[in-house]
A.B. asks: 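Structure in structure tokens, see below.
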Amino acid sequence: MSITEKVQQDMVAAMKAREEKRLGTIRLMKSALKSKEIDKREPLTEQEELAVLSTMIKQRKDSIEQFTNGGRPELAAIEAAEIEIIETYMPKAVGEAEITAAVKAVISEMGAPTMKDMGTVMKNSMAKLTAGGARVEGKMVSETVKRELAGK
């Protein structure tokens, strides 16, 4: 079952259960997926569906940061709740320990890369981490690569 089909089923279930907050978030997800499908003019692949949801999560994280800086914790809490709902449709996120281990493995495979090789290390690390179908945040990988290369 594709993510779009699961979103549709869950939307009906949320309507029947009268879960307003969950229903609102699911409708936003359905809208974003449908919009991307219309832009592409053909059904989305699973990777494309995941990319749409990842974008939604990133947008909400940015919003949380802005609301927190603006002194609006109640709005930040709403965005955090939406992230939790969206993440239920995503594969498990990779933890910091796994990211560090993968980056160290890539660095050792490459020999002795310097900060000039950061782009290559990033590319190889992201490929290694996403090969298993896991979700990885590029910002965390970037910070880990910088830290590991600076430690050399």
A.B. asks: Quick check for you: to the nearest 0.5 Å, what is the distance between M29 atom CE and E82 atom CD?
C.D. replies: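 Reported to 0.5 Å precision, the distance equals 10.5 Å.
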A.B. asks: Does some side-chain heavy atom of D10 sit less than 4.5 Å from a side-chain heavy atom of R22?
C.D. replies: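 A side-chain contact under 4.5 Å exists here.
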A.B. asks: Is the backbone of S2 close enough, under 3.5 Å, to the side chain of E5 for a donor and an acceptor to pair up by distance?
C.D. replies: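 Side chain of E5 to backbone of S2, a donor-acceptor pair under 3.5 Å: yes, one is there.
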A.B. asks: Are the side chain of E49 and the backbone N or O of I3 linked by a donor-acceptor pair below 3.5 Å?
C.D. replies: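 At least one qualifying donor-acceptor pair exists.
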A.B. asks: Flag the pair E48 and K36 as a salt bridge only when some basic side-chain nitrogen lies within less than 4.0 angstrom of an acidic carboxylate oxygen.
C.D. replies: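 Judged by the 4.0 Å cut-off on N to carboxylate O distance, E48 and K36 do not form a salt bridge.
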A.B. asks: Would E148 and K146 count as a salt bridge (charged side-chain N to carboxylate O under 4.0 Å, His left out) here? Give the steps.
C.D. replies: CA-CA 6 Å; E148 293 298 321; K146 282 180 190 171; over 6 Å; no
A.B. asks: Is the closest basic N to carboxylate O distance between E20 and R18 below 4.0 Å?
C.D. replies: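 So E20 does not pair with R18 through a salt bridge.
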A.B. asks: Within the structure provided, determine whether I64 and R72 are in side-chain contact (heavy-atom separation under 4.5 Å).
C.D. replies: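 Not touching, per the 4.5 Å side-chain cut-off.
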A.B. asks: In Å and rounded to the nearest 0.5 Å, what is the CG to CE distance from D117 to M122?
C.D. replies: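 Taking CG in D117 and CE in M122, the distance rounds to 14.0 Å.
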A.B. asks: If you round to the nearest 0.5 Å, how far is CG of L53 from NZ of K58?
C.D. replies: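 Going from the NZ atom of K58 to the CG atom of L53 covers 15.5 Å.
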A.B. asks: Provide the closest heavy-atom pair for V7 versus I26 in the form atom of the first, atom of the second, distance.
C.D. replies: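 The answer is O-CG2, 3.5 Å.
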A.B. asks: Between L75 and M56, is there a shared hydrophobic cluster once you connect ILVMFWY residues whose side-chain heavy atoms come closer than 4.5 Å?
C.D. replies: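 Per the 4.5 Å side-chain linkage, L75 and M56 are not co-clustered.
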A.B. asks: So which atom in L33 and which in L44 form the shortest heavy-atom distance, rounded to 0.1 Å?
C.D. replies: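 Where L33 meets L44 most closely, the heavy atoms are O-CD1, 3.5 Å.
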A.B. asks: To the nearest 0.5 Å, what is the distance between NZ (K30) and CE (M11)?
C.D. replies: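 Here the rounded value is 4.0 Å.
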A.B. asks: Can you hop from M110 to V145 via hydrophobic side chains spaced under 4.5 Å?
C.D. replies: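 Both belong to a single hydrophobic cluster.
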A.B. asks: Determine the minimum heavy-atom distance between I85 and K21, stating which atoms define it.
C.D. replies: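 Scanning both residues, the minimum pair turns out to be CD1-O, 4.4 Å.
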A.B. asks: Can I57 be reached from I78 by stepping across I, L, V, M, F, W or Y side chains whose heavy atoms are under 4.5 Å apart?
C.D. replies: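 No; tracing contacts between hydrophobic side chains, which count when under 4.5 Å, never links both residues.
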A.B. asks: Are V12 and Y89 linked, directly or through intermediate hydrophobic residues, by side-chain heavy-atom contacts shorter than 4.5 Å (ILVMFWY only)?
C.D. replies: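 Each belongs to a different hydrophobic cluster.
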A.B. asks: To the nearest 0.5 Å, what is the distance between OG on S125 and CD1 on I107?
C.D. replies: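 Going from the OG atom of S125 to the CD1 atom of I107 covers 7.0 Å.
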A.B. asks: Whether the side chain of S54 engages the backbone of L50 through a donor-acceptor N/O pair (distance < 3.5 Å, no angle test) should be reported.
C.D. replies: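 Looks like yes, one N/O pair under 3.5 Å.
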A.B. asks: Locate the shortest heavy-atom distance separating L149 from M118; write the atom from each residue and the value.
C.D. replies: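 Minimum heavy-atom separation between L149 and M118: CD1-CA, 3.9 Å.
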A.B. asks: Considering residues, nucleotides and ligands other than Q47, do more than 12 of their heavy atoms fall under 6.0 Å from its CD?
C.D. replies: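 Result for CD/Q47: open.
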A.B. asks: Quick one: do E109 and K128 make a salt bridge, cutoff under 4.0 Å?
C.D. replies: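 Answer for the salt bridge query: yes.
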A.B. asks: Under the side-chain hydrogen bond (donor to acceptor under 3.5 Å, both in side chains) rule, what pairs show up with a residue in residues 96-107, not counting sequence neighbours?
C.D. replies: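 side-chain hydrogen bond (donor to acceptor under 3.5 Å, both in side chains) check on residues 96-107 returns no pairs.
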A.B. asks: Please round to the nearest 0.5 Å and tell me the distance separating atom CD of E87 and atom CZ of R60.
C.D. replies: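 CZ of R60 is found 11.5 Å from CD of E87.
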A.B. asks: Taking all atoms of both residues into account, what is the closest heavy-atom pair of A32 and V52, and its distance?
C.D. replies: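 For A32 and V52, the tightest heavy-atom pair comes out as CB-CG1, 3.8 Å.
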A.B. asks: When you measure from the side chain of S142 to the backbone of G138, do you find a donor-acceptor pair of N or O atoms at a distance under 3.5 Å?
C.D. replies: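 Not confirmed, S142 side chain does not pair with G138 backbone.
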A.B. asks: Would you call Q66 and E79 a side-chain contact if the rule is heavy atoms closer than 4.5 Å?
C.D. replies: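 Side chain of Q66 against side chain of E79, heavy atoms only: no contact under 4.5 Å found.
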